[in-house]
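One structure is given below, encoded as structure tokens.
Each chain gets a letter, A, B and so on, in the order the sequences are listed, and its residues count up from 1.
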Amino acid sequence: MSTQIDTLEPLPAPEPERPPGRKLSPREWMRENLFGSVFDTVLTVVFGLFLLWLAYRIGRFVFFDARWEIVERNITNLMVGSYPRDELWRLWAALFVLAASLGFGTGALGVQRRREVAEGRANPVGKGGLRRLGPLILLVGVLLWFGGSLEALLLVLAISAVGAAFNFLGMRTPRRLERYVPLIVLAGIVVAFLVVGSFGGVGWNRWGGLLLTVFLAVSAILLSFPIGVLLALGRRSSLPAVRAVCVAYIELFRGVPLITILFMAFFMIGFFLPEGVDPPSLVTRAIIGFVLFTSAYIAEIVRGGLQSVPTGQIEAAQALGLSPFRTTRRIVLPQALRAVIPGLVGQFISLYKDTSLVFILALTELLAIAQNITKQPDFLAQGLYVETLVFASFIYWTGSYWMSRESQRLERRLGLGER
Amino acid sequence: MSTTENGKAMIQLEGVSKWFGDFQALKDVDLAIDRQEVVVVCGPSGSGKSTMIRCINRLEKHDGGRIVVDGIELSDDLRNIQEIRREVGMVFQQFNLFPHLSVLENITLAPRNVRRKPRKEAEERAMEQLRRVRIPEQAYKYPLQLSGGQQQRVAIARALAMEPKIMLFDEPTSALDPEMIKEVLDVMIELAESGMTMIVVTHEMGFARAVANRMVFMADGEIVEVGPPEHFFTSPREERTKQFLAQIL
């Protein structure tokens, strides 16, 4: 039986029309955008000359004037600080393990992603592959150039080959094993860590240079993110005690300069430990300081995201019978975090660069070493600060730029629902 | 206590009242709804229609009176609330699909997480529901890639996937373009004819005439008039009802 009611019949969808495409020749483009009016022309000429002059000065410094031998001779110092030179093989071995597990992971993930795109379930996000590693490849290239060591070059090539081989392997993971891929990658990272630190290895308290910088940044990011999310959820909790504790924590640590927290980690940690307990090492204290500080900021960023999720979403989840925990985990958090990716990555980039502040704990990360090497007998009082600072800046910049690009990619990939 | 034709009511509201601050949204509302009955609720905006059905699955907490759904009385006990929500499906004016999940994931989410169905079974059942609302080909798309009418049909499929005994519709066609209203109403008519117990807040009087067993007219937080559609539309008793019908018909 069917019942007729009078409403409008659906209309056939009209053919989509496109605006007429117009492709400009370079000449037309220049006329339109650079020399459109007298004022435009003046601006173009002035800024063009300024940029040429700037490029010339930078080029002359980098390729002729700069005395890069301070970086060349200290490249190992800059990379690992006072890490024992006899144990360097452990770092290379760890890099091999990391390349294998990350190559495997990205390969497996890439296949999943391509399948989702093919099924129309995900946005194609442009070319991936090596282009995604662009800034990092540039960094490694520059480091190898400064290193000037054939051995290092061969090792890097071998590591890349291992990475590529495992990438290939990852792309051939059977579908039923796909769920274990994150576990395999995690296991690889743990193994790499053990290779360096355990079995008579070198604990992280003796790490330095770029190695220490990256370790501080990665571990602080990985720890502060979940803590920040929990704090954000706690701040919106219906339990007054939980809310009060979270608000107090967030407001306390957001209101104190990072450098103060690091000083306190250095001087005051003893007050909070019972008698007879050894205080944690300086690196651990630094990480605790970074996590305390960053998690408070992340909490506020995530709270902004939580507020952007419409109440209708929560009501729909409740109406389906989802528990409060599942509603948060499946409905609220995924949407909230997606909305705040730019803010989160901004905070992470900030943290990456702020690791340079650990010099006040007498830790020698990248920037501290870049400063210290100018005081070596061979280079003392020769004013080579610019070279070392430019080099350190370049390393910070490549890492930050890479994170920024990856976050934009992530936004595009997750942005499907927003069209 | 109000009784219904075949004995025990599916939904029983007794003296239900609800306050929003100083404003009383529901005043002593009594209503009993039978198994397999389709009740259409209408009334001017702000009359408490939505509030009433939102109290039935505890999206709003009622301040006074009793609500009994399929023999379970709504209380503050979270387990009680969860049990009732499992039995009561709801469709919203704004669809409220989850934009970060595909259509299929939207539908399988609750069966997998609440009813603990294995993925495969949940997906098969979801496809059945999608065929029922006539959009199986959209299973892998995301909600915002669909038209409003398709989204609302997915929302109906999502609610039905929990195999509820009761379906609540809160102005399901009010946010739709006119040419999409019919496709949603057609699905609702089929559902009504299949014997689902339904409470529908709507101004679609064509739909009400076609499938409603009873009309409920609300104004200012009170139920003003209840009756079968044939009487309701042709010879309403109350002056307030007549005024309202004159405006919308």
Side-chain angles (χ1 to χ4, degrees), chain A residues 1-14 115-123 175-176 179 238 305 308-339 341 410-411 413-419, chain B residues 54 57-59 78 81-102 104 106 109-111 113-115 140-145 147 149 155 158-159 161-162 164 168 173 177-183 185-186 189-190 192-193 204 206-207 209-211:
Chain A
M1 160 180 157
S2 82
T3 318
Q4 277 300 314
I5 53 170
D6 36 325
T7 43
L8 290 177
E9 283 295 327
L11 294 171
R115 196 171 56 227
E116 280 170 17
V117 171
E119 287 171 358
R121 306 175 56 174
N123 258 349
R175 266 186 90 159
R176 65 198 159 77
R179 54 201 302 196
S238 54
S308 77
V309 178
T311 14
Q313 291 288 308
I314 298 163
E315 289 180 353
Q318 288 176 342
L320 284 167
L322 258 63
S323 64
F325 174 77
R326 284 221 161 75
T327 304
T328 303
R329 155 110 178 65
R330 300 267 173 199
I331 304 303
V332 179
L333 267 188
Q335 297 185 60
L337 292 180
R338 182 165 68 178
I341 292 172
L410 191 66
E411 277 175 61
R413 181 160 82 65
L414 298 177
L416 189 88
E418 255 112 39
R419 283 197 304 199
Chain B
R54 286 162 62 85
N57 67 351
R58 214 10 120 88
L59 291 184
L78 190 64
I81 296 172
Q82 296 290 84
E83 202 170 327
I84 286 174
R85 283 176 177 165
R86 275 199 292 266
E87 305 304 332
V88 180
M90 186 157 192
V91 175
F92 299 84
Q93 182 176 359
Q94 299 296 339
F95 327 140
N96 295 347
L97 293 177
F98 306 128
H100 61 299
L101 301 177
S102 72
L104 197 63
N106 261 282
L109 180 76
N113 283 290
V114 181
R115 292 240 191 262
Y140 293 104
K141 290 216 178 129
Y142 282 82
L144 296 187
Q145 295 173 306
S147 72
R158 178 177 70 177
M162 284 296 282
L168 307 174
T173 56
D177 290 336
E179 76 266 26
M180 292 172 181
I181 291 177
K182 183 179 187 313
E183 61 190 50
L185 290 182
D186 283 346
I189 289 169
E190 276 184 22
E193 285 165 356
E204 291 293 332
F207 170 80
R209 277 209 184 90
V211 296

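A pairwise comparison of heavy atoms in A:Ile331 and B:His100 identifies O-CE1, 3.8 Å as the closest pair. The minimum heavy-atom distance linking A:Ala316 with B:Phe98 is given by the pair CB-CE2, 4.0 Å. A pairwise comparison of heavy atoms in A:Ala319 and B:Asn57 identifies CB-ND2, 3.7 Å as the closest pair.
Heavy atoms closer than 4.5 Å to chain A are found nowhere in B:Leu168, neither backbone nor side chain. Of the atoms belonging to A:Arg330, heavy atoms from both backbone and side chain fall under 4.5 Å from chain B.
Applying the side-chain hydrogen bond (donor to acceptor under 3.5 Å, both in side chains) rule to A:Gln313 yields the partners A:Gln335; only residues at least two apart in sequence or on another chain are considered.
Residue A:Ser323 holds its OG atom at 8.0 Å from CG of B:Asn113, rounded to the nearest 0.5 Å.
Counting only heavy atoms from C-beta outward, the side chains of B:Val114 and A:Leu322 approach each other to under 4.5 Å. Side-chain atoms of A:Gln318 and B:Arg58, non-hydrogen and from C-beta on, never get closer than 4.5 Å to each other.
For residues 82-98 of chain B, no residue pair satisfies the side-chain hydrogen bond (donor to acceptor under 3.5 Å, both in side chains) rule, not counting sequence neighbours.
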